[in-house]
Every structure is written in C-alpha cells, then in structure tokens.
**Q** 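Sending over a structure as structure tokens; questions will come in a sec.
Quick note: residue numbers are just sequence positions, from 1.
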Amino acid sequence: REPAEIRNGRVVTRSGQDVTAFYEKGAAEALRLAKKLGCRCAVLQDRSPSCGCGIIHDGTFGGGLTEGDGVTAALLAQNGIRVVPASQADTLPE
C-alpha cells in the first residue's frame, strides 16, 4: 500500500488520498477480535498511523515524529486494552 500518515486528525496517503475510513474500519475489527478473545494487552508497531503508541510520524512524510497514537492503538486504549509499542515488548512480564 502507499505510505500513509496522520495529518490534522485524518489518515492520508503520500499522494493526499484520505484513507481514514479504512483505518477506522480496521481498528473496529481489531477491537472486536480483541474483545472476543479477551485480550488485555496489544503489542503494536511503533510509529504507525494505525498502531503507533505515544509517537507517530508527523504527517509530512519527511521522517519526522510527533506525540500521538495511531487509529487502532487509540481505539484499543479507549476500550481498556493496554497498548505497548513493539520496541518495548521486552518490558512485559512473561
């Protein structure tokens, strides 16, 4: 897929296409499955517009970063599921 980043609260591709609805649909499905399976924690990809936890790409496609959460990370957290960036997965208890 074409690279996408969050800009002004919307997920847009490098060419400017707004793909927010697709990301929201994916996030809703991830939440549905997490609830069905009783997940309490999710390890998600760093800096992603979907899964970023705490830090995401800044929306300029220039490699910059900013504080924030991806669409799926935010939805899971809002529903009581702990989200952890993959780079910090080794901090989880076994």
**Q** For Glu24, check salt bridge (Lys or Arg N to Asp or Glu O under 4.0 Å) against everything at least two apart and list the hits.
**A** none
**Q** Which pair of heavy atoms, one from Leu44 and one from Cys51, lies closest together, and at what distance?
**A**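 Minimum heavy-atom contact is CB-O, 3.3 Å.
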**Q** By side chain to side chain donor-acceptor pair (under 3.5 Å), which residues pair with Thr66, not counting sequence neighbours?
**A** none
**Q** Could I get the full list of side chain to side chain donor-acceptor pair (under 3.5 Å) partners for Thr60, not counting sequence neighbours?
**A**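 Counting only residues at least two positions away or on another chain, Thr60 forms a side chain to side chain donor-acceptor pair (under 3.5 Å) with Asp58.
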**Q** How is the hydrophobic cluster of Leu65 composed, in terms of its other members, when Ile, Leu, Val, Met, Phe, Trp and Tyr link through side-chain heavy atoms under 4.5 Å apart, directly or indirectly?
**A**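 Members alongside Leu65: Ile55.
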**Q** Measuring from Asn79:CG to Cys39:SG, what's the distance to the nearest 0.5 Å?
**A** 12.5 Å
**Q** Any pair with a residue in residues 68-78 that passes side-chain hydrogen bond (donor to acceptor under 3.5 Å, both in side chains), sequence neighbours left out, goes on the list, sorted by first then second residue, please.
**A** Ser50-Thr72
**Q** Just jot down the salt bridge (Lys or Arg N to Asp or Glu O under 4.0 Å) partners of Asp18, sequence neighbours excluded, or say none.
**A**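 Partners of Asp18 under the salt bridge (Lys or Arg N to Asp or Glu O under 4.0 Å) test: Arg10.
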**Q** Test question: given the 4.5 Å side-chain rule for I, L, V, M, F, W and Y, name all other residues clustered with Leu33, or answer none.
**A**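 Besides Leu33, the cluster holds no residue at all.
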**Q** If hydrophobic residues (ILVMFWY) are linked whenever their side-chain heavy atoms come closer than 4.5 Å, directly or via other members, who joins Leu92 in its cluster?
**A** Val43, Val84
**Q** For Ala42 and Leu76, work out which heavy atoms get closest and say how close.
**A**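 Looks like CB-CD1, 3.9 Å.
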**Q** Under 4.5 Å between side-chain heavy atoms, chaining through other members, with only Ile, Leu, Val, Met, Phe, Trp and Tyr counted: pull out the rest of the cluster around Val71, sorted by chain and number.
**A**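 Besides Val71, the cluster holds Ile6, Val11, Val19, Phe22, Tyr23, Ile56.
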**Q** Search all heavy atoms of His57 against all heavy atoms of Glu5 and return the closest pair with its distance.
**A** CB-CD, 3.4 Å
**Q** Not counting sequence neighbours, which residues clear side chain to side chain donor-acceptor pair (under 3.5 Å) with Glu2? List them please.
**A** Thr13, Ser15
**Q** Just grab all the side-chain hydrogen bond (donor to acceptor under 3.5 Å, both in side chains) pairs involving residues 81-90, residues at least two apart or on different chains.
**A** Asp46-Ser87
**Q** Which heavy atom of Ala73 sits nearest to which heavy atom of Cys53, and what is that distance?
**A**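 Between these two residues, the closest heavy atoms are CB-SG, 4.2 Å.
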**Q** Just jot down the side chain to side chain contact (heavy atoms under 4.5 Å, CB included) partners of Arg40, sequence neighbours excluded, or say none.
**A**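 Listed in chain order: nothing, the list is empty.
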